[in-house]
Amino acid sequence: MPGKDGLDVLRGVRNSSPETQVIIMTAFGTIPGAVNAIKIGAYDYLAKPFKKDMLLQIVGRATEKLMLLKENEQLKNEVSNRYNYANIIGQSPKMCSIFNLIEKISKVDAPVLITGKSGTGKELVARAIHHNGKRKGGPFIALNCGAIPETLIESELFGHEKGSFTGAAKTYIGKFEQAQGGTIFLDEIGTMRLDLQIRLLRVLQEMKVGKIGSDHLVNLDVRVIAASNENLDQLINEKKFRSDLYHRLNVFSINLPALEERMDDIPILVRHFLAKYTKKYNKNNMALSPEALAKLEGYSFPGNIRELENIIEKTVVLCEDTIIGEEELMLPVIDQDNNIISKTISNSSLTDIEYELIENALIEFNGSIKKAAEKLGISYKTLQYRMKKFNMSKNDFK
């Protein structure tokens, strides 16, 4: 090719048509050349002479990869248009039922109690109710009652006057007043002290609030949405939560299913998070192999959707290929008691950990890239690329 070599053509193809799969064929094959080609974006690299069957196998794999990417893009668009309700993703019957309930509840102004395990998306549902109702132009104020020290939560909720207690250097407007004309979301309501529950009940009954240190009451115009991952009925039986406050908050109730109760939503959730994090980290479009998706669908997800999102984010960051295989998923290992026993990151950086793993594998197999790659569960090409990144040579380990 006069004027340009194969790598120049590859760069041009990658710039003009990133989805095109490119196979480099050359009579001057070297390992550095192959590594460079893969790094630029070639699907594979063949040194002449090669057997026709080998070329056909590579073309077949490249075609399969392209089909997976196109299918992923098509389904990603479906997620955006069909299964996305105010950033809540789902197509399972339980989620469709919840979407219908949100639609109805949003049109009225009564209190709502949202229950469900940690990581199921309670705040997302609260925001959906707010942004689809008549108060969408007003503020949405969220307060995690379990994250505020007991000595401060009363002030956070109701506000205080300057000098009303030690440390009150200036007047503070509480969350209820901040939410005027909008919605206040009280997360982890089950952690609230009993004496504060009494005051909260009175505020909800009268729709008036007074700051600590003031006799003046402010009329409230807010919608109240509360949430809990605890069993409030059990807390009531244990005298840790007031039944009258429970009934005041529980005019409408939404119980969010755990992810294990809606496993048919995993494929579209995965595509949603892949799109989110490939964009965030400026990565090429990615898709899961069928084996990787099956592995996710067989996992229990004790952390629910939040855990799934974290797994996908870490996988996007660490995976070098556009097709994510099952060995590249950042899934924790769970013991018989459902405890995480591996995949814990120490104080070392991910780069240090990656370097150490590659180094140990190459030492174990005397510099054999093939055997080290098999040990690490990655492809030969991927290991070559990472060795190049760390300026490693197989000769250093013989």
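Residue numbers count from 1 along this sequence. Please read these numbers as outputs of a predicted model, since none were measured by experiment.
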**Report entry** Pair S118-R306, side chain to side chain contact (heavy atoms under 4.5 Å, CB included): steps then yes or no
**Finding:** CA-CA 8 Å; S118 180; R306 186 180 296 126; 3.1 Å; yes

Using side-chain heavy atoms (C-beta onward) and a distance below 4.5 Å, is [X] in contact with [Y]?
X: F252; Y: V108; result: yes
X: L46; Y: I24; result: no
X: L113; Y: I225; result: no
X: K107; Y: E103; result: yes
X: L235; Y: L232; result: yes
X: F397; Y: N366; result: no

Using 0.5 Å steps for rounding, measure from the [atom1] atom of [X] to the [atom2] atom of [Y].
X: E150; Y: E154; atom1: CD; atom2: CD; result: 11.5 Å
X: K211; Y: E161; atom1: NZ; atom2: CD; result: 5.5 Å
X: I189; Y: L196; atom1: CD1; atom2: CG; result: 9.5 Å
X: L186; Y: L204; atom1: CG; atom2: CG; result: 8.0 Å
X: K240; Y: Q197; atom1: NZ; atom2: CD; result: 12.0 Å
X: L124; Y: R127; atom1: CG; atom2: CZ; result: 8.0 Å

Give a yes or no on whether [X] and [Y] share a hydrophobic cluster (residues Ile, Leu, Val, Met, Phe, Trp, Tyr; joining criterion: side-chain heavy atoms under 4.5 Å apart).
X: L318; Y: V270; value: yes
X: L157; Y: M207; value: yes
X: V203; Y: Y246; value: yes
X: I141; Y: V112; value: no
X: L56; Y: Y45; value: no

Requested in this report: Measure up the Y277 and F273 rings against each other and bin them: parallel (under 30°), tilted (30 to 60°), perpendicular (over 60°).
Outcome: tilted

Query raised in the report: Using the ring of each side chain (for Trp, its six-membered ring), is F185 parallel, tilted or perpendicular to F140, with breaks at 30° and 60°?
Result: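 Correct class here is parallel.
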
Please give me the minimum heavy-atom distance between [X] and [Y], naming the atom from each residue.
X: H130; Y: G182; answer: CE1-CA, 4.2 Å
X: M95; Y: P257; answer: SD-CG, 4.0 Å
X: A258; Y: T120; answer: CA-CG2, 4.0 Å
X: D264; Y: P93; answer: OD2-CD, 4.0 Å
X: I324; Y: L274; answer: CD1-CD2, 3.8 Å
X: A292; Y: L329; answer: O-CD1, 3.4 Å

Query raised in the report: Quick one: does NZ or CZ of R199 land under 6.0 Å from the six-membered ring centre of F158, within 45 degrees of the ring axis?
Result: yes

Between [Y] and [X], is there a salt bridge with N-O shorter than 4.0 Å?
X: D44; Y: R61; value: yes
X: R242; Y: D244; value: yes
X: E313; Y: K276; value: no
X: K295; Y: E291; value: no

Is it true that atom [atom1] of [X] has more than 12 heavy atoms of other residues, nucleotides or ligands lying nearer than 6.0 Å?
X: E206; atom1: CD; result: yes
X: R193; atom1: CZ; result: yes
X: D195; atom1: CG; result: yes
X: K388; atom1: NZ; result: no
X: Q205; atom1: CD; result: yes
X: K117; atom1: NZ; result: no

Requested in this report: Take D221 and R135 through the test salt bridge (charged side-chain N to carboxylate O under 4.0 Å, His left out) and record every step on the way to the result.
Outcome: CA-CA 10 Å; D221 175 27; R135 293 181 177 273; 2.7 Å; yes

Would you find a donor on one side and an acceptor on the other, under 3.5 Å apart, between the side chain of [X] and the backbone of [Y]?
X: K94; Y: R262; value: no
X: S155; Y: L152; value: no
X: T278; Y: A275; value: yes
X: N132; Y: A128; value: yes

Requested in this report: Walk me through it: do N229 and D187 pass the test side chain to side chain contact (heavy atoms under 4.5 Å, CB included)?
Outcome: CA-CA 9 Å; N229 63 3; D187 199 7; over 6 Å; no

When you check the side-chain N and O atoms of [X] and [Y], is any donor under 3.5 Å from an acceptor?
X: T322; Y: N284; result: no
X: E177; Y: Y172; result: no
X: N255; Y: T115; result: yes

Report task. Go through I254 and I129 one step at a time and tell me if the side chain to side chain contact (heavy atoms under 4.5 Å, CB included) criterion holds. Result -> CA-CA 11 Å; I254 298 177; I129 294 170; 4.0 Å; yes

Report task. Could you go through the side chain to side chain contact (heavy atoms under 4.5 Å, CB included) check for H272 and I268 one step at a time? Result -> CA-CA 6 Å; H272 171 72; I268 60 170; over 6 Å; no

